[in-house]
Structures are given as C-alpha cells and as structure tokens.
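Notes to accompany the following structure.
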There are 2 protein chains.
Amino acid sequence: MAVTQTQAPTSTAQRILDVAEQLVQSRGYNGFSYADIAGELAITKASLHYHFASKAELGEALIERYSARFTEALERIDSTIPAARAKLDAYVGLYTDVLRGERMCLCGMLAAEYQTLPQPMRGSVIRFFDGNVAWLASVLADGQSDGTLSFDGAPNDAAQTILSSLQGAMLVARPYGDLARFQAAAARTLASLKTP
Amino acid sequence: MAVTQTQAPTSTAQRILDVAEQLVQSRGYNGFSYADIAGELAITKASLHYHFASKAELGEALIERYSARFTEALERIDSTIPAARAKLDAYVGLYTDVLRGERMCLCGMLAAEYQTLPQPMRGSVIRFFDGNVAWLASVLADGQSDGTLSFDGAPNDAAQTILSSLQGAMLVARPYGDLARFQAAAARTLASLKTP
DNA sequence: GTCTATAGGCAGATAGAC
DNA sequence: GTCTATCTGCCTATAGAC
C-alpha cells in the first residue's frame, strides 16, 4: 500500500521540469542552458545531470509531460462541456492561459527550432500536433453533425487550420506583449465556423 | 560617374548575408554560429567579424535586408496586380516560396526567439510585422470598397489575423515538410474573406 | 542525491601580420 | 580584406567524494 502524502512532494525532477519548461517556452530550446536551471533552483549543474543525463533527455521529458497535461485538459473539456462551439472556446482558453504567462506553446516554440532538435524530440512534437488536430477534428465533426458549426471541406483540414492559426496568433502576439491581439485573432478564426 | 559593372559583384558581405539568412530561417538565430558561415564560405571567422563586428550587427543587417526585399515585393504586387483578392493570393505566394525553400519566415522565426534577441533586432521584427499588417489592411480596405472582399470588423484587425494565420501555417507545416498543408490553411484563411 | 572539480569543446570576439 | 593565433567565457557532460 502506498504511503499517503499530506503535502505535494514536488520532487527535484519535477521542479527541474517546471523551470526548464518555462525557459523553453520563453527562450527556446537553444536559448537556455543547464546553468540557467541550476541558478534558478540553487543546485549545481552536476545534480541536474543526475536527474536528466543529457539535455536531449530533458527535452523529451518536457514534451511528454506537456503533452500528457494537454491531453488531460482536452479530456476535461470533453467531460464538462457538451456544446462543440463551447469546446472550441475552451480550447482557445488553454492557449490564452499560456500566452498570459508570456509563454509560447511549448511545441509551437519547438516547431520553430525543429531542424536543430534531437531526433526523438522531433517525433514528440509531431505527435503533439497530431493529437491536437485529431481532437479538434472530432469536435468539428460533432458540431457539423448537430448543425451548430459550419465549414467547407473535411473536419481534419479545418482542424489543421485552427491549430496553425492559433499557434501563429501566439507567435506574433507575444513580441507585442498584447494578449488582446491574440484574442482578437482567435475570435476571428472561430467566427469563420459560424452556422449560416 | 559610377563604373559600370557587367557581372553582379556579389560582395563578401552579400554572401555572408545570404548564408546567414538561410541559417536563421532554418535553424534560428540561436541555432547557428559564425563558424557555420565561415565553413560554408570557406573563409575564417575573423574575416566575418571584419564585415559584421558582432552577431547582433549581423542580425540587424539580416532583418533590414529582408524587410527591404519584402517591401519591394509588395510594391511589385501593387504595381502589377489590380484586384484586391489577387493581391492577397500573390501575398500568400511570397510565403509559399519561402516555405518551398524549407525555410520559415525570417521574422516569424525571430518572433519565437524574441525574448533572447538584442534590443535593436526586436524593434526591427516589430516594424516588419507592422509593415505587413499595414499593407494587408490597405488591400482589405480596397477590396471592401469595391465589394470584392467581405469581412467583419476593421481592416487592420482582419489584416492581423491573416498575418498571424499565415505565420502559424508556416510554423506548423515545416516540421511535416508538407507544402500542401500550408497551402490548404492559407486558402482557407483567404476563403473566409468571401463576398456574400 | 548533491556536491567539487574538471574535462573537452565551441561560442563570440580581438590583435596584429600580410 | 583575409589570415593566424589567441583570449575569455560558457556549453554539455563526467568522475568521484560525501
């Protein structure tokens, strides 16, 4: 039987991931070093290597955790919000929260640096996007079925456009430090799915 | 009176900019070094510093040249294509050409790395986006006036959405190495401006 | 698990000869 | 303008004590 923990443990590995995630989302994978994490957590670089032997391993762990949390968030949306259009609004809300922290989507950032990434990280980035498109396509198909959403072409194609439009809206809004700019672009993107 | 040149000179500085531009657009500003350029051109790093004393200076020169060329391309569109909708198609064509070279838009890439950029480069990135939005807004306003384009809200807001959607479409399509994916998203974005 | 110490390499940058 | 040589500093990573 597992020991019951009163306080959240927040292991060292977790805190390393927390700091590294913030660094990648704001500065990029090639824009931070182990020294940055070590300084923030007041431990040595050598200790970091105990938890994540290489930077590539750390990178993989970052995407895995990020993807898992994102998937959980999508499942929460599915289980709490019935209407397709409201699900899309909630999806935009996830991005808004990221941008509010002056961050880019982790995988959007890594997409920019894609050609410099270790091979295993590349696959994980692709899977993140594929999962997002699949979820969006499912929501779009549902909305089309019940007549609450309308769009041309296949749900999968429309889903790809929504994903890339939101990623681009984050990418461009962040240099301006302008959350409203993102929200306006997101609203316009969703508005193109109006029922006739 | 200036000396007439029969052949294009292609000065060393130009060739440095050519190689550096390709590197930034594919690997990012933090993803290449002076050694990469030196290797490609078969000259030494010290020679590079003669032409561009610091990497920050090189970065500024890259954006200035890129922006100037982009502005020229937009002026060519204005002077050769009368219809607003066709101008937008040509604008998408500029992006398509970039992506065909397996590159990201220079300033889209730099937007991702924004928080790590030297201050002068940041201003230049912003000005590039502002110039693009201003041009797009002008085209949209024209199309709205002559009834060939229809959209909600101000031309400037619609222009911001077009810019960010195209940047995002490039960002996401590049890891897949899928030009068609970009083109589909771009076409869908422009299709949302249909006349009623 | 965390530390000290250090390896080995590459980064951007400079001095000075040619 | 381009070179050789070199500097200083940071990078990822490892060995081994505690």
Side-chain angles (χ1 to χ4, degrees), chain A residues 3 5 7-24 26-63 109-110 113 115-122, chain B residues 3 5 7-24 26-63 109-110 113-122 124:
Chain A
V3 174
Q5 300 238 343
Q7 288 294 329
T10 328
S11 69
T12 301
Q14 295 274 345
R15 289 187 298 137
I16 292 169
L17 288 171
D18 290 340
V19 174
E21 184 177 83
Q22 192 274 328
L23 285 167
V24 174
S26 58
R27 304 179 53 90
Y29 182 75
N30 295 322
F32 83 100
S33 73
Y34 270 37
D36 295 324
I37 306 173
E40 187 71 28
L41 294 179
I43 61 176
T44 62
K45 291 185 288 173
S47 297
L48 295 181
H49 281 283
Y50 170 82
H51 296 281
F52 301 97
S54 69
K55 196 181 178 183
E57 259 179 59
L58 173 58
E60 285 184 60
L62 281 175
I63 310 179
M109 180 65 84
L110 295 176
E113 300 176 292
Q115 294 197 332
T116 73
L117 297 182
Q119 205 67 49
M121 289 182 67
R122 297 191 193 185
Chain B
V3 174
Q5 301 238 340
Q7 288 293 331
T10 329
S11 69
T12 301
Q14 294 273 345
R15 290 187 297 137
I16 292 170
L17 288 170
D18 290 341
V19 173
E21 184 177 82
Q22 192 274 330
L23 285 167
V24 174
S26 59
R27 304 178 53 90
Y29 183 75
N30 296 323
F32 83 101
S33 72
Y34 268 38
D36 295 325
I37 306 173
E40 186 72 29
L41 293 179
I43 61 176
T44 62
K45 289 190 292 174
S47 297
L48 296 180
H49 281 284
Y50 169 80
H51 295 282
F52 301 97
S54 71
K55 196 181 179 183
E57 257 178 60
L58 172 58
E60 285 183 60
L62 281 174
I63 311 179
M109 180 66 84
L110 295 176
E113 300 176 292
Y114 195 78
Q115 294 196 332
T116 73
L117 298 182
Q119 204 66 48
M121 288 182 68
R122 298 192 191 185
S124 299

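Throughout, a chain's letter reflects where its sequence line sits, starting with A, and its residues are numbered from 1.
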**Message:** Could you check whether any side-chain N or O of Arg122(A) sits under 3.5 Å from a backbone N or O of Leu117(A), counting only pairs where one atom can act as donor and the other as acceptor?
**Reply:** yes
**Item:** Start and end of the DNA chain C segment that chain B contacts, any atom under 4.0 Å from a heavy atom
**Value:** dA11(C) to dA15(C)
**Request:** Tell me which of Lys45(A) and Arg15(A) sits closer to the 5' end of DNA chain C, going by the nucleotide each one is nearest to.
**Result:** Arg15(A)
Which value, rounded to the nearest 0.5 Å, describes the distance between [X] atom [atom1] and [Y] atom [atom2]?
| X | Y | atom1 | atom2 | value |
| --- | --- | --- | --- | --- |
| Tyr114(B) | Arg27(A) | OH | CZ | 14.0 Å |
| Glu113(A) | Met109(B) | CD | CE | 8.0 Å |
| Tyr34(A) | Ile16(A) | OH | CD1 | 8.0 Å |
| Leu23(A) | Asp36(A) | CG | CG | 5.5 Å |
| Ile37(A) | Leu48(A) | CD1 | CG | 5.5 Å |
| Leu58(A) | Leu17(A) | CG | CG | 6.5 Å |

**Request:** Please work out which residues in residues 46-55 of chain A have a non-hydrogen atom less than 4.0 Å from an atom of DNA chain C and list them by number.
**Result:** Ala46(A), Ser47(A), Tyr50(A), His51(A)
**Message:** With the threshold set at under 4.0 Å for non-hydrogen atoms, list the residues of residues 27-40 of chain B touching DNA chain C in residue-number order.
**Reply:** Phe32(B), Ser33(B), Tyr34(B), Ala35(B)
**Request:** Determine which pairs satisfy side chain to side chain donor-acceptor pair (under 3.5 Å) with at least one residue from residues 47-57 of chain B, sequence neighbours left out, and list them in order.
**Result:** Thr44(B)-Ser47(B)
**Asked** Sequence neighbours excluded, which residues qualify as side chain to side chain contact (heavy atoms under 4.5 Å, CB included) partners of Glu40(B)?
**Response** Val19(B)
**Complete:** Residues at least two apart in sequence or cross-chain that pass side chain to side chain contact (heavy atoms under 4.5 Å, CB included) with Pro118(B), listed by chain then number, are Tyr29(B), Ala56(B), Pro120(B), Met121(B)
